[in-house]
Amino acid sequence: MVTINALARDTRAINDGEWFASPDFPDVKIMTRGYTDDYIDALNKRMKRATEAHRCTSDTLPQNVLRNINAELVAQYLLLDVEGLTEADGTTKLDVEKLKSLLAQPEYNRLLALCFEAAAAVTVSADQQRADALGN
């Protein structure tokens with residue numbers, strides 16, 4: 001028989017956040033939550049309003065609108081801290097508030113994608129941690 005705990009998710013990391021380093025940028029560490037219920041609820045509301053306002057579907061929503069929604073929600077609900085990034089001068093540490101302000105800019109699409117990669121990894125890691133704990 002399978003215990004009910006085998007089907008439960010370890011929500012601590014998703015809700016509280018964890019550090020993530022991408023294999024592509026191992027010196028950059030992002031502290032992020034996983035995809036929380038609050039984030040998903042806010043995303044659904046924003047997408048509904050945006051598609052109604054633009055009279056389109058989520059597939060045909062203008063890219064700049066989608067990027068702005070994603071950037072705002074990542075900044076508000078997921079991104080907690082950053083380490084290993086500097087300003088363009090190469091010496092001034094980039095803080096998390098500055099990083100959040102860059103997310104909606106098209107030239108920083110890779111930065112926004114990195115934040116999504118981190119949040120997804122935290123979400124998957126939380127599920128894997130639960131599975132590993134049950135295996136012990």
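One is the number of the first residue; the rest follow in order along the sequence.
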J.: Using the rule that two of Ile, Leu, Val, Met, Phe, Trp, Tyr join whenever any of their side-chain heavy atoms come within less than 4.5 Å, decide whether Val65 and Phe116 are in one cluster.
T.: yes
J.: Roughly how far, to the nearest 0.5 Å, is the OG1 atom of Thr91 from the NZ atom of Lys93?
T.: 13.5 Å
J.: Is there side-chain contact between Leu85 and Leu111, with heavy atoms separated by less than 4.5 Å?
T.: yes
J.: Going through the checks in order, is the side-chain contact (heavy atoms from CB on, under 4.5 Å) test met by Asn109 and Arg67?
T.: CA-CA 8 Å; Asn109 274 344; Arg67 182 177 40 254; 3.2 Å; yes
J.: Checking Thr92 side chain against Glu87 main chain: does a donor-acceptor pair fall under 3.5 Å?
T.: no
J.: Considering only NZ, NE, NH1 and NH2 on the basic side and carboxylate oxygens on the acidic side, decide whether Asp38 and Arg33 come within less than 4.0 Å.
T.: no
J.: Flag the pair Cys115 / Lys100 as yes when at least one side-chain heavy-atom distance between them is below 4.5 Å, and no otherwise.
T.: no
J.: Using the rule that Ile, Leu, Val, Met, Phe, Trp and Tyr join whenever any side-chain heavy atoms are under 4.5 Å apart, tell me whether Val122 and Met31 fall into a single cluster.
T.: no
J.: Please check: side-chain N/O of Thr60 versus main-chain N/O of Cys56, any donor-acceptor pairing under 3.5 Å?
T.: no
J.: Can Arg110 and Glu117 be said to form a side-chain contact (heavy atoms from CB on, under 4.5 Å), step by step?
T.: CA-CA 10 Å; Arg110 180 64 184 114; Glu117 181 182 353; 3.9 Å; yes
J.: Within the distance-only criterion (no hydrogens, no angle test), does the side chain of Thr11 pair as donor or acceptor with the backbone N or O of Ile14 below 3.5 angstrom?
T.: no
J.: Hydrophobic clustering (ILVMFWY, side-chain heavy atoms < 4.5 Å, transitive) - are Tyr39 and Val124 grouped together?
T.: no
J.: Please report the shortest heavy-atom distance between Met47 and Ser58, naming the atom on each side.
T.: CE-CB, 3.6 Å
J.: Specify the closest pair of heavy atoms between Ala119 and Thr32, including all atoms of both residues, with the distance to one decimal.
T.: N-CG2, 3.7 Å
J.: Is it the case that more than 12 heavy atoms not belonging to Tyr108 sit under 6.0 Å from its OH atom?
T.: no
J.: Nearest 0.5 Å, what's the NZ-CD1 distance between Lys45 and Ile40?
T.: 13.5 Å
J.: Nearest 0.5 angstrom please: His54 NE2 to Thr57 OG1, how far?
T.: 12.5 Å
J.: Can you name the closest pair of heavy atoms from Lys29 and Ala21 and give their distance?
T.: CG-CB, 4.2 Å
J.: Stepwise, does the side-chain contact (heavy atoms from CB on, under 4.5 Å) test hold for Thr36 with Asn15?
T.: CA-CA 6 Å; Thr36 63; Asn15 292 321; 3.7 Å; yes
J.: Show the atom names and distances, to 0.1 Å, of all donor-acceptor pairs under 3.5 Å that link a side chain in residues 69-84 to residues at least two apart or in another chain.
T.:
| unit_1 | atom_1 | unit_2 | atom_2 | d |
| --- | --- | --- | --- | --- |
| Asn70 | ND2 | Leu66 | O | 3.3 |
| Glu72 | OE1 | Arg46 | NH1 | 2.8 |
| Glu72 | OE1 | Arg46 | NH2 | 3.1 |

J.: Quick one: list whatever passes side-chain contact (heavy atoms from CB on, under 4.5 Å) with Asp95, sequence neighbours left out.
T.: Glu97, Lys98
J.: Can you tell which of Leu99, Ile30, Asp24, Leu103 makes a side-chain contact (heavy atoms from CB on, under 4.5 Å) with Leu114?
T.: Ile30
J.: With a cut-off of 6.0 Å (strictly less than), are more than 12 heavy atoms of other residues, nucleotides or ligands near CG of Asp37?
T.: no
